[in-house]
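In what follows, a single structure is set out as structure tokens and then discussed.
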Amino acid sequence: MTGAGPPLALTLGEPAGIGPDITLLAWQRRAATTLPPFALLGSPDLLVARAKALGLAVPIESVELRAAAAVFSRALPVVDLGLPVGATPGRPDASSAPAAIAAIDRAVAAVTAGEASAVVTNPIAKHVLYAAGFRQPGHTEYLAELAGRLAGRAPDDAPPRPVMMLWSPTLAVVPVTIHVPLARVPELVTRDLIVATGRIVARDLVARFGIARPRLAVAGLDPHAGEGGTIGTADRDVVAPAVAALVAAGIAATGPLPADTLFHEAARKNYDAALCMYHDQALIPIKTLAFHDAVNVTLGLPFVRTSPDHGTAFDIAGTGTADPSSLIAALRLAARLAGHAPTGEAAVA
């Protein structure tokens, strides 16, 4: 696949993790998986060294981003950020953090300027970035900050509101709260938060995925969705009014629905995305059903961003056992959402 638009910008991620491994393996499978052209933003030397260590015959070519598509069929294009990346597989250190952050900055600047069609991010190790002064809770929040900054917002202005969706051909889920302790979830799940999340999801399912009338299934917070208030009142007093507000806004939303019966095959036919109240309520079912095919998609941004649905996997970095399937799925989905991917795929589950 050659693609009609600019290439995808793939970030370096944590260089001591499996990001370099799966990048090399994904490019090696470009023909079999009809990958769109992409360029890694990082260090050519790192990729050369990792390919050698893995015994992969992958030619690396240092390029400007605009030239990536032209060389993609014969070599893995790498945009040299000019920063040192001396990572040993499985042994992260803060010396590579500036390059990992610079790759994200460059990717967002490129897609904003039209040099790239979408941003695809390799996994980062947040604890490594924190040691180098990274202030945001994670990738998603930093991308929103960059989007706001490049759009000309003042530092005190609210950035775009990002929403994390885990997508696969089998299931799409959205955690309303994400990386917070379970004990804090009941206080954080509010009517306004559910409504704001649902509106963004519905809007982007129309705009990005081409679903004319998205159907949202909203999971209950408590077992059996509270069972009429007998097992907690949050679903009756918070979730149900939020669903009613979404319906009043013209969104096809149902709920609160018991989470324990929301994800079997027959139930999944009734919705395009499930809104879940907390992290594991969303991620356990999708990682059970689609561990190698799931993609992290950030909704609510002014550009397309996808990522593999896994972490840095330091324990297998540099061993040759990493599976590039989720990165391949992320690259293909990013191209599709950006408007120049293969056609004929299902929009959402």
Side-chain angles (χ1 to χ4, degrees), residues 137 140-141 144 158 160-168 170-206 209 211-290 294 296-300 348-349:
T140 302
E141 294 84 359
R161 174 177 161 71
V163 169
M164 183 174 81
M165 179 169 76
L166 285 302
W167 177 93
S168 76
T170 304
L171 174 66
V173 295
V174 174
V176 173
T177 63
I178 308 177
H179 298 121
V180 298
L182 190 59
R184 291 197 61 207
V185 170
E187 69 181 84
L188 295 175
V189 171
T190 64
R191 174 190 176 280
D192 289 347
L193 178 61
I194 297 169
V195 172
T197 302
R199 291 176 73 97
I200 291 170
V201 173
R203 183 195 68 200
D204 277 18
L205 287 178
V206 174
F209 287 84
I211 301 175
R213 184 165 170 75
R215 301 163 301 162
L216 305 184
V218 182
L221 173 64
D222 289 319
H224 302 178
E227 214 166 85
T230 62
I231 312 178
T233 59
D235 291 300
R236 182 191 66 196
D237 298 342
V238 177
V239 183
V243 174
L246 289 170
V247 172
I251 295 169
T254 56
L257 302 170
D260 61 349
T261 56
L262 189 55
F263 303 107
H264 63 83
E265 185 176 6
R268 295 197 305 271
K269 295 177 181 178
N270 296 318
Y271 58 86
D272 298 301
L275 267 62
C276 303
M277 296 301 106
Y278 53 93
H279 182 277
D280 286 8
Q281 191 182 60
L283 271 68
I284 287 174
I286 195 165
K287 289 194 174 186
T288 300
L289 294 170
N296 185 341
V297 186
T298 305
L299 308 179
V348 177

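Sequential numbering from 1 along the given sequence is applied to the chain's residues.
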Handout entry: Sub-4.5 Å side-chain heavy-atom contact between Leu299 and Pro162
Key = no

Handout entry: Interatomic spacing from CD1 in Ile194 to CG in Leu216 - rounded to 0.5 Å
Key = 12.0 Å

Fill in the blank from the handout: The reported gap from CG in Leu166 to CD1 in Ile286 (rounded to nearest 0.5 angstrom) is 5.0 Å

Fill in the blank from the handout: Distance col, row Thr140:OG1 vs His179:NE2, nearest 0.5 angstrom, shows 8.0 Å

Let me check something: any side-chain donor-acceptor pairs from residues 247-267 under 3.5 Å, sequence neighbours excluded? List them with distances.
{"from": "Thr261", "atom 1": "OG1", "to": "Pro258", "atom 2": "O", "distance (Å)": "3.4"}
{"from": "His264", "atom 1": "ND1", "to": "Ala266", "atom 2": "N", "distance (Å)": "3.4"}
{"from": "His264", "atom 1": "ND1", "to": "Ala267", "atom 2": "N", "distance (Å)": "3.4"}
{"from": "His264", "atom 1": "NE2", "to": "Thr261", "atom 2": "O", "distance (Å)": "3.4"}

Exercise for the section: To the nearest 0.5 Å, tell me how far Arg215 CZ sits from Asp272 CG. Expected result: 4.5 Å

Practice task
Answer whether the closest heavy-atom distance between the side chains of Thr177 and Leu193 falls below 4.5 Å.
Solution key: yes

Problem - From CA spacing to verdict: side chain to side chain contact (heavy atoms under 4.5 Å, CB included), Ser168, Leu289 - result: CA-CA 9 Å; Ser168 76; Leu289 294 170; over 6 Å; no

Practice task
Measure from the side-chain N and O atoms of Asp235 to the backbone N and O of Asp222, and report whether any donor-acceptor pair falls under 3.5 Å.
Solution key: yes

Practice task
Applying side chain to side chain contact (heavy atoms under 4.5 Å, CB included), run through Ile211 and Val206 and close with a yes or a no.
Solution key: CA-CA 5 Å; Ile211 301 175; Val206 174; 5.6 Å; no

Problem - Smallest separation among heavy atoms of Arg236 and Pro241, with atom names - result: O-CD, 3.4 Å

Problem - Side chains of Leu246 and Val195 in contact at under 4.5 Å (non-hydrogen atoms) - result: yes

Report all side-chain donor-acceptor pairs from residues 198-205 shorter than 3.5 Å, counting only partners two or more places apart or in another chain.
{"from": "Asp204", "atom 1": "OD2", "to": "Gly300", "atom 2": "N", "distance (Å)": "2.9"}

Side-chain polar contacts of residues 274-281 - donor-acceptor pairs under 3.5 angstrom, sequence neighbours left out - could you list them?
{"from": "Gln281", "atom 1": "OE1", "to": "Met277", "atom 2": "N", "distance (Å)": "2.6"}
{"from": "Gln281", "atom 1": "NE2", "to": "Gly220", "atom 2": "O", "distance (Å)": "3.0"}

Handout entry: Candidate list Asn296, Val174, Thr197, Val176, test side chain to side chain contact (heavy atoms under 4.5 Å, CB included), partner Met164, passing option
Key = Asn296

Exercise for the section: Would you indicate whether the side-chain heavy atoms of Val180 and Val185 approach each other to under 4.5 Å? Expected result: yes

Exercise for the section: Indicate the atoms forming the closest heavy-atom contact of Leu283 with Pro175, along with that distance. Expected result: CD1-CG, 4.4 Å

Handout entry: Close side-chain approach of Thr170 to Arg268, heavy-atom, < 4.5 Å
Key = yes

